[in-house]
Enquirer: 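This is the structure I have questions about; it appears just below.
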Amino acid sequence: MVPGLAARFLDVMTQRKRATPSSQRQHGVSALQEDEDDIPFTQPSTSQVQKALENVTPAQLDHKASEVVQYFLVKQQKKIPVRRADLVKHVVKEYRNIFPEIMKSASKTLDQVFGLKLVEIDNKNHLYILISKLENVDGPHTSVSSPKVGLLFVILSVIFMKGGVVRENVIWNTLKKLRVDPGEKHAEFGDVKRLVTDEFVRQRYLECVRIPHTEPVEHEFHWGQRAELEVSKVKLLEFLGQLHDQDPQLWSQQFKEAHSSVNPPSS
Amino acid sequence: MSQQLGNSHRRFLQTLMTCGSVDEPGARSLHQHCCETHNTQYVPDQLDNFINAINSKLQPLFMQIRKGMSEESGQQHYALVNMAETEVTRMSSDYTENELELFRKTIDLIVASDNGLALSTDILNSADTLTTKKLKKTETEQLLKRLVQDKWLCEKQGEYTLSTRCIIEMEPYIRTMYPEQVKVCHICHNIVFQCQTCENPVCGVKIHFPCVAKYFRGRSVRRCPACDDAWEHEVPEMKRRSRSQSRR
């Protein structure tokens with residue numbers, strides 16, 4: 001769903017001239033690197049924020065926070081992380097001096113209305129994602145049973161069971177055994193390789209790292225930041241236990257890891 | 001009056017955001033599921049109140065859960081729509097300028113048609129006339145596939161129609177942009193695309209297929225409700241309503 005598509009139309013119809021920002025995402029192309037158009041943004045100090053707040057009405061603050069919420073929700077549809085630079089450039093704009101206050105308000109709204117948590121997953125490049133505070137529960141219309149989720153789950157399981165990192169050929173071989181061949185176009189998933197190395201990586205479910213000194217280039221897969229935040233390792237082990245008809249405790253190392261890490265949300 | 005939201009409301013909202021739209025029986029079962037998952041008391045037939053509570057919190061965000069009828073099934077559908085035009089929503093859309101222009105041309109075709117359908121060949125031809133960057137044939141086909149996947153359009157045998165969710169969200173826009181061509185169903189008075197039209201050239205009223213089925217149910221003699229001429233079209237059968245559906 002893309003809320004605001006109607007708004008795009010109104011704009012196209014009235015043919016308002018608008019410079020297309022060079023950082024506007026093209027479908028399928030990663031645009032998360034630094035962009036020359038970026039005006040460097042440094043967090044304002046608390047005193048700067050306080051001073052700026054004096055010139056802003058509560059209504060103005062609320063309105064900006066609403067816009068930030070909408071921006072995040074649209075990006076959330078495709079699970080694309082939001083760059084702080086984009087947020088400031090396209091949404092916050094001249095209110096950048098009260099950026100922390102706006103984010104606080106937006107965060108609160110996302111939490112209280114949508115049950116979504118705003119998380120900064122990259123302190124250097126300042127990327128944000130939304131994760132659900134509600135536990136993934138099977139039910140009508142949920143995506144728990146969607147094929148893509150199933151595929152992702154298989155990959156995350158393999159990585160987890162193998163200690164947190166696997167070479168890419170292990171993944172491809174596992175998938176081939178499940179009749180999902182990355183070399184061929186799959187009826188359900190299409191270009192499997194692109195789905196795994198591009199879409200899942202961009203969504204931060206997986207992390208794909210080049211292995212140095214390999215020729216031809218080989219990669220290894222880790223869990224991505226979104227997976228770490230969203231996927232319960234305890235539940236994953238339980239699921240695998242059921243699948244293999246085995247007590248999860250018998251995988252002692254993984255069991256320990258699953259129960260030691262700070263686990264994602266339960267309702 | 002403003003009711004606090006609980007996790008049952010939030011789960012409902014999150015699910016609706018993921019699906020795009022949900023039909024009425026689906027909304028009821030989702031309501032039940034959400035209440036039961038979070039140990040909130042589930043009262044059937046309180047769906048509207050449940051949704052109103054969510055809408056009161058969505059209003060400051062210029063969003064609402066709105067209802068609209070499916071032109072295929074006659075079922076009411078719920079969708080989360082954006083109510084206001086702001087710079088933000090414009091910038092954050094994940095379709096490019098020329099992709100949106102093609103979508104707009106598809107709407108042109110659908111609105112101009114008699115039956116709410118746009119042929120894929122006509123859409124492909126439109127791709128050649130874009131004022132923004134042109135789209136190649138394969139790009140257009142991929143775009144159409146995405147639009148269907150994102151639940152803006154429906155496709156059947158090479159013909160494209162507006163999805164229920166699209167109609168719910170875009171109705172104000174369409175009424176504004178096509179004031180002369182937009183038609184309204186004679187029975188339910190809502191905007192109409194896929195329909196039957198009275199054959200009387202002086203009359204020409206349009207009626208949704210499900211509205212036709214409902215109106216002529218049980219009538220052996222079928223006459224146009226507006227001009228009383230014989231209604232020539234084959235009357236579709238009313239879809240069976242499940243017993244658990246409440247009558248409203």
Side-chain angles (χ1 to χ4, degrees), chain A residues 1-16 18 20-21 24-27 62-78 80 82 86-87 89-93 109-116 132-135 137-143 146 267, chain B residues 4-5 7 9-11 13-22 26 29-30 32-34 36-38 54 57-58 60-63 79-82 84-97 99-101 103-104 107 132 146 150-152 165-166 169-170 172-174 176-177:
Chain A
M1 181 190 102
V2 180
L5 200 61
R8 281 299 289 266
F9 278 97
L10 278 164
D11 187 49
V12 170
M13 280 307 289
T14 55
Q15 289 185 351
R16 251 174 277 171
R18 188 169 81 251
T20 318
Q24 182 169 1
R25 293 185 60 87
Q26 293 296 306
H27 180 65
D62 283 344
H63 187 82
K64 267 302 151 187
S66 294
E67 290 187 344
V68 168
V69 167
Q70 283 179 36
Y71 188 83
F72 270 107
L73 290 175
V74 174
K75 294 293 189 189
Q76 172 69 351
Q77 292 310 307
K78 303 278 164 149
I80 303 169
V82 170
D86 285 338
L87 198 55
K89 187 160 132 190
H90 300 313
V91 187
V92 177
K93 295 198 246 195
T109 303
L110 285 164
D111 177 7
Q112 289 181 345
V113 180
F114 297 90
L116 294 169
S132 174
K133 293 179 72 177
L134 306 175
E135 199 184 327
V137 168
D138 218 346
H141 310 286
T142 55
S143 61
S146 107
S267 52
Chain B
Q4 282 310 304
L5 295 188
N7 278 337
H9 298 98
R10 296 177 188 119
R11 185 176 291 274
L13 189 48
Q14 279 191 27
T15 310
L16 192 57
M17 276 174 61
T18 316
C19 307
S21 71
V22 73
S29 69
L30 182 60
Q32 182 172 9
H33 166 72
C34 290
E36 288 173 355
T37 305
H38 296 285
I54 301 174
K57 300 298 183 196
L58 288 176
L61 303 169
F62 307 106
M63 297 170 87
L80 180 64
V81 303
N82 197 298
E85 174 206 345
T86 63
E87 278 277 349
V88 176
T89 51
R90 259 188 262 127
M91 303 297 284
S92 354
S93 168
D94 55 8
Y95 291 90
T96 60
E97 291 299 329
E99 288 175 335
L100 287 182
E101 200 196 340
F103 186 19
R104 189 176 50 81
I107 297 183
T132 49
R146 254 202 313 149
D150 290 346
K151 305 211 176 129
W152 291 103
R165 175 280 191 96
C166 182
E169 176 137 15
M170 307 276 293
Y173 163 78
I174 293 175
T176 311
M177 299 317 301

Enquirer: Apply side-chain hydrogen bond (donor to acceptor under 3.5 Å, both in side chains) to A:Gln112 and list each qualifying residue two or more places apart in sequence or on a separate chain.
Expert: none
Enquirer: Report yes or no: does B:Arg11 contribute a side-chain atom to a donor-acceptor pair with the main-chain N or O of A:Glu135 at less than 3.5 Å?
Expert: yes
Enquirer: Taking the side chain as every heavy atom from C-beta outward, state whether B:Leu58 and A:Phe114 have any atom pair closer than 4.5 Å.
Expert: yes
Enquirer: Identify which one of B:Arg10, B:Lys57, B:Met63 satisfies the side-chain contact (heavy atoms from CB on, under 4.5 Å) criterion when paired with A:Val113.
Expert: B:Lys57
Enquirer: Counting N and O atoms only, with roles assigned by atom type, does the side chain of B:Gln14 sit under 3.5 Å from a partner on the main chain of A:Ser132, one being a donor and the other an acceptor?
Expert: no
Enquirer: Counting only heavy atoms closer than 4.5 Å, note whether A:Val69 contacts chain B via side chain, backbone, both or neither.
Expert: side chain
Enquirer: Applying side-chain contact (heavy atoms from CB on, under 4.5 Å), run through A:Glu67 and B:Phe62 and close with a yes or a no.
Expert: CA-CA 9 Å; A:Glu67 290 187 344; B:Phe62 307 106; over 6 Å; no
Enquirer: Of all residues at least two apart in sequence or in a different chain, which pass the side-chain contact (heavy atoms from CB on, under 4.5 Å) check with A:Ser66?
Expert: B:Leu61
Enquirer: Start with the C-alpha gap between A:Leu134 and B:His38, add the side-chain angles, then the distance that decides, and say whether side-chain contact (heavy atoms from CB on, under 4.5 Å) holds.
Expert: CA-CA 10 Å; A:Leu134 306 175; B:His38 296 285; 3.9 Å; yes
